[in-house]
Amino acid sequence: MAGQFFNVLVLSMVLVLAGCQQVQSRLATDVKALIEAISTHDSPVTAEVAKSPSQPVEAIDKPKAPSVEASPDASEPMGSFKDCAFCPEMLALSSGQVQMGSLPSEKGRQSDETPVQNIPVKAFAMGKYEVTKAQWRVFVEKTAYQTSSDCLTWDGDGYAKPAQLSWQQPGFIQTDEHPVVCVNWRDAQAYTQWLSQVSGKHYRLPSEAEWEYAGKAGQGLVPFSWNPSEPVCAHANLADQTLIQSHPQWVVVSCSDGFAYTAPAGSFSPNPWGIFDMQGNVMEWVSSCYSSSLGSQPVEGSACSKRVIKGGGWDMSEKLLRNAYRGRAGEFNMSTGLGFRVARDNF
């Protein structure tokens with residue numbers, strides 16, 4: 001009887017120890033899973049600041065996306081990517097809200113920047129750089145696409161149309177790393193359609209709301225991504241003292257940005273979301289039709305006589321570089337100060 005009792009006791013202890021081992025094993029597994037969940041849940045991914053194709057920027061810190069509490073339209077970049085070797089580098093942006101327009105106190109404000117509109121924006125991807133001459137050349141060579149020769153250039157007092165201006169020869173020196181110019185809205189559309197075909201993704205021009213969402217980068221109703229008290233030439237390429245050496249009759253700002261005409265893509269620091277040249281360098285086509293008021297925006301995709309252009313360029317004054325500024329041009333217009341960047345539907 002004593003032997004049986006001892007055997008039962010030993011068996012009970014074995015079962016208890018086995019149970020403890022199972023619990024310990026399960027707890028270890030649960031703790032490991034919890035640690036992994038804590039380390040990955042809601043971890044913000046800050047887009048790496050890539051240099052431009054020619055890598056002209058040598059020491060730029062990674063941009064810090066503004067916190068969600070910083071602004072009602074704040075968001076965070078979700079990472080950068082390329083769909084093919086010759087595709088533009090893209091930055092994935094999460095959904096959010098943009099305050100389109102400008103405050104009455106904003107210097108340089110124009111009447112078509114009102115009333116301020118709170119517009120929801122779905123997740124999408126924005127080109128980190130303006131489309132370069134090299135990227136455009138790949139498209140032309142692979143498709144035999146031809147642009148027109150009706151490219152305009154600003155002469156300080158209006159637009160002129162010298163003979164033979166084109167994206168290959170805009171009248172000033174460019175390398176493959178510079179943004180392509182002398183392309184009209186239809187040309188930009190053709191490029192995005194081709195990108196969609198070769199990549200299997202839906203590329204397009206950004207809407208005006210998407211452009212302003214990316215330009216303001218979660219900072220609210222700001223004219224620029226930098227402090228307005230800082231010299232504009234430290235942040236953007238515009239009509240400056242470098243340009244006046246070639247065009248002494250032009251009205252320019254008092255500082256020098258180092259570039260008389262276009263600058264290689266990414267030559268200046270990015271905005272807080274890691275997007276380059278949203279202000280200055282070249283004006284950019286967007287998909288939206290122009291209207292004289294933000295309160296009467298046409299339906300996206302409508303046919304229209306004029307399209308919105310955003311961001312200002314190398315031949316423009318500081319007030320035309322503001323996020324809220326709304327330029328406009330006919331779909332067949334092209335100039336030496338007008339290019340584009342692409343957008344892509346979220347994947």
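Residues take their numbers from the sequence shown, with the count starting at 1.
When side chains are defined from C-beta on, Thr336 counts as touching Trp314, because their heavy atoms get closer than 4.5 Å. Residues Gln168 and Cys182 form no side-chain contact, since every pair of their non-hydrogen atoms from C-beta on lies 4.5 Å or further apart. The shortest side-chain heavy-atom distance between Trp211 and Met126 falls under the 4.5 Å cut-off. Residues Arg341 and Met278 meet the side-chain proximity criterion, which asks for heavy atoms closer than 4.5 Å. Contact annotation: the side chain of Thr147 never approaches that of Asn184 to less than 4.5 Å [non-hydrogen atoms, C-beta and beyond]. Inter-residue side-chain proximity for Tyr325 and Met283 is flagged as met; some heavy-atom pair is nearer than 4.5 Å. Phe259 places a side-chain heavy atom less than 4.5 Å from the side chain of Phe268. The shortest side-chain heavy-atom distance between Lys142 and Phe86 falls under the 4.5 Å cut-off.
In terms of hydrophobic clustering, with Ile, Leu, Val, Met, Phe, Trp and Tyr side chains grouped at heavy-atom distances under 4.5 Å, Tyr159 and Phe332 are assigned to different clusters. Linking ILVMFWY residues whenever their side-chain heavy atoms come closer than 4.5 Å, directly or via other members, places Val183 and Leu152 in the same cluster. Hydrophobic clustering (ILVMFWY, side-chain heavy atoms < 4.5 Å, transitive): Trp194 and Val140 are in one cluster. Both Leu243 and Leu320 are members of a single hydrophobic cluster when ILVMFWY side chains are connected at heavy-atom separations under 4.5 Å.
One finds the CD1 atom of Ile275 at 5.0 Å from the CG atom of Leu93 (value rounded to the nearest 0.5 Å). Ser292 contributes atom OG, which lies 13.0 Å from atom NZ of Lys306 (distance to the nearest 0.5 angstrom). In this structure, CE in Met334 is found 7.0 Å from CG in Asp150, a value given to the nearest 0.5 Å. Note that OG of Ser94 and CZ of Phe124 are 10.0 Å apart. Values are rounded to the nearest 0.5 Å. Between the CG atom of Asn333 and the CG atom of Leu338 there is a distance of 8.0 Å, given to the nearest 0.5 Å.
Put simply, the side chain of Arg344 never gets that close to the backbone of Met90: no donor and acceptor are under 3.5 Å apart. Checked by atom type and distance alone, the side chain of Ser196 pairs as donor or acceptor with a backbone atom of Tyr203 at under 3.5 Å. Glu210 places no side-chain N or O within 3.5 Å of a backbone atom of Val121 that could act as its donor or acceptor partner. Within the 3.5 Å criterion, the main-chain N or O of Pro179 finds a donor-acceptor partner in the side chain of Gln174. The main-chain N or O of Val253 is found under 3.5 Å from a side-chain atom of Gln241 such that the two form a donor-acceptor pair. At least one donor-acceptor pair under 3.5 Å links the side chain of Arg307 to the backbone N or O of Ser287. Side-chain N or O atoms of Arg322 include one that pairs as donor or acceptor with a backbone N or O of Gly108 at under 3.5 Å. A donor-acceptor contact shorter than 3.5 Å is absent between the side chain of Trp154 and the backbone of Met316. Counting only distance, with no hydrogens or angles, the side chain of Asp277 and the backbone of Tyr129 share no donor-acceptor pair below 3.5 Å. Between the Arg109 side chain and the Ser102 main chain, a donor and an acceptor come within less than 3.5 Å of each other.
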**OP:** Walk me through it: do Asp176 and Thr132 pass the test side chain to side chain contact (heavy atoms under 4.5 Å, CB included)?
**Re:** CA-CA 7 Å; Asp176 277 353; Thr132 65; over 6 Å; no
Subject >> Phe276 vs Asn281, side chain to side chain contact (heavy atoms under 4.5 Å, CB included): CA-CA, chis, key distance, verdict >> reply: CA-CA 10 Å; Phe276 294 80; Asn281 217 16; over 6 Å; no
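Ring geometry for Tyr191 against Phe139 counts as perpendicular: the plane angle is over 60°, on a 0 to 90° scale with 30° as the lower cut. Below 30°, between 30° and 60°, or above 60°: for Tyr261 and Phe172 the angle between ring planes is below 30°, a parallel geometry.
Residues Ser207 and Ser288 bring no donor and acceptor atom of their side chains to less than 3.5 Å of each other. Side-chain atoms of Asn323 and Gln279 include a donor-acceptor pair closer than 3.5 Å.
Of all non-hydrogen atoms in Lys201 and Asp83, the two that sit nearest each other are CG-OD2, 3.6 Å. Nearest heavy atom pair, residue Lys310 against residue Val308, reads CD-CG1, 3.7 Å. The two residues Asn271 and Ala214 make their nearest non-hydrogen contact at ND2-O, 2.9 Å. A pairwise comparison of heavy atoms in Val342 and Pro88 identifies CG2-CG, 3.9 Å as the closest pair. The two residues Leu205 and Ala343 make their nearest non-hydrogen contact at C-CB, 4.2 Å. When all heavy atoms are compared, the tightest approach of Ala190 to Tyr145 is CB-CE1, 3.6 Å.
For Asp157, the CG atom sits in a loose shell: 12 or fewer heavy atoms of surrounding residues, nucleotides or ligands are nearer than 6.0 Å. Around atom NZ of Lys82, more than 12 heavy atoms belonging to other residues, nucleotides or ligands sit under 6.0 Å away. The number of heavy-atom neighbours closer than 6.0 Å to CD of Gln146, taken from other residues, nucleotides and ligands shown, is 12 or below. Applying the 6.0 Å contact sphere to CD of Gln164 captures no more than 12 heavy atoms from other residues, nucleotides or ligands. Atom CD of Gln110 has more than 12 neighbouring heavy atoms from other residues, nucleotides or ligands inside a 6.0 Å radius.
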